[in-house]
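Here is the structure we will look at, set down as structure tokens.
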Protein chains: 2
Amino acid sequence: MGKQLTEMLKGTLEGIVLALLLGRPAYGYEITAWLRDQGFSDIAEGTIYALLVRIEQRGLVDVEKVPSEKGPPRKVYSLNAQGRAYLEEFWRNWSFLTERLEQLREGEQT
Amino acid sequence: MGKQLTEMLKGTLEGIVLALLLGRPAYGYEITAWLRDQGFSDIAEGTIYALLVRIEQRGLVDVEKVPSEKGPPRKVYSLNAQGRAYLEEFWRNWSFLTERLEQLREGEQT
DNA sequence: ACTAGTACATAGTAACGCTGAATAGCGGGG
DNA sequence: CCCCGCTATTCAGCGTTACTATGTACTAGT
């Protein structure tokens, strides 16, 4: 992964995962695979698990342990009320940033 | 500044400053003031100066020392060829990110 | 027994932005 | 004169994040 994109992901990756969890509950391994599908070519598994631990400790998600037929039990995460509020704040901040950058980008071709 | 936005700025603030410098050369104090104007209400001065040192050491900008009538001499930064290339890469990465997030945000109201 | 695929966890590292303080030059008011 | 306020830059120390690399554990197929 490019160093630039890695830095940009800081703070954003969390929002991406929370947004995904708003749509449907999911577990770490699944999320990693989905991200790779989306073009985040080599996001390390460790990154996702660490992130999930963080958002769990902050009380943004509920966790349920679900046995799997193909390996160790899955920890299925789902967004709770606090997580939804946090996600909304994320979108507000994201909008703020994109607006500023859009302006900058347009001003460019003057 | 919100913690969320602080994290989102990582990697992005650098692009913002480079994009600004593409438009016109500027010095640290000026850049800080401009950012505050743009709504980045309390970006620390120290942050900008550290960032400027970084991009200078990476050879993305040229520096010229210009005496000031109102204080110590200014270090005026201007984007060079390498910096312009780096900025283009930044915009590519930024586009990638915004596209992914736009998709996620739309999928939300389903 | 060995391998591969599934699934989670963690210690150590690097990079970035923030906090808080220090330094330095110049102007004007008490 | 001296201190205050504005301009302008610098630096040490901190917290957070994503990456690297490795380890654990369960199941199925050979």
Side-chain angles (χ1 to χ4, degrees), chain A residues 1-18 25-36 40-58 60-61 63-77 86 90 93 97, chain B residues 1-18 25-36 40-58 60-61 63-77 86 90 93 97:
Chain A
M1 188 98 63
K3 211 166 73 57
Q4 268 192 9
L5 189 54
T6 289
E7 288 306 323
M8 278 188 212
L9 274 180
K10 291 192 178 172
T12 310
L13 185 56
E14 191 175 281
I16 292 174
V17 170
L18 291 175
Y27 54 98
Y29 192 81
E30 190 184 9
I31 295 173
T32 306
W34 179 84
L35 285 170
R36 297 219 169 113
F40 297 99
S41 40
D42 33 36
I43 289 216
E45 285 199 72
T47 299
I48 297 303
Y49 288 113
L51 189 157
L52 290 171
V53 166
R54 261 180 354 244
I55 64 178
E56 181 185 356
Q57 280 173 350
R58 288 197 205 136
L60 306 179
V61 287
V63 188
E64 197 190 353
K65 217 155 200 171
V66 177
S68 162
E69 297 146 10
K70 306 186 131 192
R74 298 165 174 167
K75 283 179 75 176
V76 175
Y77 295 82
Y86 189 85
F90 169 80
N93 281 320
L97 245 197
Chain B
M1 188 99 62
K3 209 165 73 59
Q4 267 191 11
L5 189 53
T6 289
E7 288 306 323
M8 277 188 214
L9 275 180
K10 291 190 179 175
T12 311
L13 184 58
E14 190 175 281
I16 293 174
V17 171
L18 291 176
Y27 54 98
Y29 192 81
E30 189 184 10
I31 295 172
T32 306
W34 178 83
L35 285 170
R36 297 222 168 108
F40 297 99
S41 38
D42 33 37
I43 289 214
E45 288 201 71
T47 298
I48 297 303
Y49 287 111
L51 190 158
L52 290 172
V53 166
R54 261 181 350 248
I55 62 178
E56 181 185 355
Q57 280 173 349
R58 287 196 207 136
L60 306 179
V61 287
V63 188
E64 197 190 353
K65 219 155 200 169
V66 177
S68 162
E69 297 147 10
K70 308 185 129 191
R74 298 164 174 166
K75 282 178 77 177
V76 176
Y77 295 82
Y86 190 84
F90 169 81
N93 281 320
L97 244 196

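Below, chain A is the first sequence line, B the second, and so on; all start at residue 1.
- Contact annotation for Leu52(B): no contact, since no heavy-atom pair falls under 4.0 Å across all strands.
- For the OP1/OP2 pair of dA7(C) and a distance below 4.0 Å, the side-chain nitrogens and oxygens of Tyr27(A) include at least one atom meeting the criterion.
- Taking 4.5 Å as the limit, every side-chain heavy atom of Thr47(A) sits out of range of all side-chain heavy atoms of Thr32(A).
- In the set dG17(C), dA9(C), dC16(C), the nucleotide with an atom closest to the side chain of Leu9(B) is dG17(C).
- Within the 4.0 angstrom heavy-atom criterion, only backbone atoms of the sugar-phosphate kind lie near Thr6(B); the bases stay farther away.
- Distance from the side chain of Thr47(A) is smallest to dC19(D) among dT9(D), dC16(C), dC19(D).
- For the pair Arg54(A) and dT17(D), the criterion of a side-chain N or O lying under 4.0 Å from OP1 or OP2 is met.
- Between Ser68(B) and dT7(D) there is no side-chain polar atom (N or O) within less than 4.0 angstrom of OP1 or OP2.
- One finds no side-chain N or O of Lys70(B) lying less than 4.0 angstrom from the OP1 or OP2 phosphate oxygen of dG5(D).
- Within 4.0 Å (heavy atoms only), Glu30(B) reaches no atom of the nucleic acid at all.
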Show, in sequence, the C-alpha distance, side-chain angles and deciding distance for Leu97(B) and Asn93(B), and conclude whether the side chain to side chain contact (heavy atoms under 4.5 Å, CB included) test is met. CA-CA 6 Å; Leu97(B) 244 196; Asn93(B) 281 320; over 6 Å; no
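- Taking Lys10(B) as the reference, Glu7(B) meet the side-chain hydrogen bond (donor to acceptor under 3.5 Å, both in side chains) condition, with sequence neighbours excluded.
- Salt bridge Glu56(B)/Lys75(B): present, at least one basic N to carboxylate O contact under 4.0 Å.
- Among the nucleotides dA8(D), dA9(C), dT9(D), the one closest to any side-chain atom of Tyr49(A) is dA9(C).
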